[in-house]
Amino acid sequence: MRKMAMAAAAVVIIAALSSCGQAKSPEDDKSDMMGSITGIGDDTGEVQEIQNDDSAGSDDANPAENPEEAGQTVTEIKGDETENADSEMTAEELLDLFINGSISAVDSTDLTSTFYITDFNMDAYSVGENVDLDNDGENELIICGPYGGVYLDARDNKVYEFAVGEGTALVLSYTYYNGAIWIMYSNRSSAGFEFYHMEKFEGADNLVAEMNFGEELADPNNAEAGMKYTLNGAEISYDEYTELCSKIFAAQVDTN
């Protein structure tokens, strides 16, 4: 079971940040954060939409030629399905059970591993708000804490880790942008460098759009050279950058 680290050590998703304490340049920080998120698209648009492949079908199970020979009738099969549907718990009920310590949550990095609320050091963490972070009409649970804490989603009769802050290069928060809630990871770990990655979901297992933006020294070896501003890898003007930031950060919610 993956324990939630309480230390202030910067631990990120990718292997490049796995060696603690090694000094990194702003360029290293930027490439680390970019590499930590998969599915980033072309550098041509503000919001990069994720295309889902719905072409895969599923094979229908072959019905029994004689249901009575199989020991059940068609009516009995439908009755079992109704009973199973009735036993499904709501997202709110599941999240309440997690808060009460009655059930565990599934680790996002290892689906065979789980953790309980008692695995958190509640001197550093606290139970936060319920917010629809993935735009699916059901609220997720925020556990506030170091680097933005942990966001939990309930579906399929289980609780899952949805998003987690993992160090100074992946500080978790969320914001309202273009009519939806976006998960945001911030990297301000180096002087003269800021980088942000945003993700929009429609359901916690359905990433539909991403956006990257930031600022850095135009020449890391010469502070007099000024700053460079980028959006999805393309350089933009200072005015364009400040206008974008004003929209995003005005609606940002910190969950530390």
Side-chain angles (χ1 to χ4, degrees), residues 1-14 36-39 80-176 180-186 197-208 251-256:
M1 176 179 69
R2 186 176 75 84
K3 300 291 184 178
M4 302 304 303
M6 298 300 102
V11 180
V12 291
I13 297 173
I14 58 167
S36 68
I37 309 294
T38 59
D80 289 342
E81 290 175 349
T82 302
E83 180 178 350
N84 289 337
D86 291 341
S87 67
E88 289 281 323
M89 303 187 72
T90 67
E92 183 179 359
E93 289 172 334
L94 288 165
L95 294 172
D96 284 344
L97 286 174
F98 176 82
I99 293 172
N100 295 333
S102 301
I103 62 173
S104 61
V106 179
D107 193 310
S108 62
T109 59
D110 180 3
L111 297 182
T112 64
S113 179
T114 60
F115 59 91
Y116 286 85
I117 196 168
T118 52
D119 293 318
F120 292 95
N121 177 357
M122 298 311 288
D123 290 333
Y125 289 83
S126 62
V127 176
E129 295 182 301
N130 292 73
V131 180
D132 185 10
L133 299 168
D134 61 1
N135 306 289
D136 68 348
E138 291 187 336
N139 288 338
E140 281 65 54
L141 172 66
I142 296 173
I143 303 293
C144 299
Y147 309 119
V150 181
Y151 301 164
L152 299 170
D153 176 66
R155 63 185 187 276
D156 303 327
N157 241 18
K158 292 183 180 180
V159 175
Y160 292 86
E161 184 181 78
F162 171 41
V164 58
E166 295 201 32
T168 56
L170 284 174
V171 178
L172 180 63
S173 63
Y174 70 92
T175 188
Y176 297 85
I181 291 183
W182 294 64
I183 304 299
M184 182 160 70
Y185 297 93
S186 304
H197 176 81
M198 289 172 52
E199 297 178 339
K200 175 186 172 185
F201 289 82
E202 292 178 359
D205 55 351
N206 184 25
L207 175 64
V208 296
Q252 181 189 12
V253 180
D254 291 321
T255 52
N256 293 327

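Just so it is clear, the values below take in all heavy atoms, side chains as well, and ignore hydrogens, waters and symmetry mates.
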Val150, Ile183, Asp205, Leu152 screened by side-chain contact (heavy atoms from CB on, under 4.5 Å) with Phe162, the one that passes: Ile183
Step-by-step side chain to side chain contact (heavy atoms under 4.5 Å, CB included) determination, Tyr176 to Ile181: CA-CA 5 Å; Tyr176 297 85; Ile181 291 183; 3.5 Å; yes
Arg155 versus Tyr160, closest heavy-atom pair with distance: O-CE1, 3.5 Å
Distance, nearest 0.5 Å, that separates OH of Tyr125 from CD1 of Ile143: 10.0 Å
Under 3.5 Å donor-acceptor, Asn256 side chain and Pro146 backbone: no
Shortest non-hydrogen contact from Cys144 toward Gly128: SG-CA, 4.0 Å
Straight-line distance of Ile117 CD1 to Ser104 OG, nearest 0.5 Å: 12.0 Å
Minimal non-hydrogen separation, Asn157 against Met89, with atom names: OD1-N, 2.9 Å
Gap separating the CG atom of Leu141 from the CG atom of Leu94, nearest 0.5 angstrom: 11.5 Å
Asp156 (side chain) donor-acceptor with Lys158 (main chain) under 3.5 angstrom: no
Backbone of Ser173 reached by a side-chain donor or acceptor of Thr255 within 3.5 Å: no
Nearest-0.5 Å distance that lies between atom CG in Asp96 and atom CD1 in Ile103: 9.5 Å
Glu161 side-chain N/O to Ser108 backbone N/O, donor-acceptor pair under 3.5 Å: yes
Separation of Ile142 CD1 from Tyr151 OH (nearest 0.5 Å): 5.0 Å
Considering all heavy atoms, the nearest Ala180-Lys200 contact: CB-CE, 3.8 Å
Inter-residue atom distance Met184.CE - Leu172.CG, 0.5 Å rounding: 9.5 Å
Neighbour count >12 (heavy atoms, 6.0 Å) for atom CD, Glu92: no
Worked verdict on Phe201 versus Leu133 for side chain to side chain contact (heavy atoms under 4.5 Å, CB included): CA-CA 8 Å; Phe201 289 82; Leu133 299 168; over 6 Å; no
Exam field: side chain Asp132 to backbone Gly137, donor-acceptor pair closer than 3.5 Å: yes
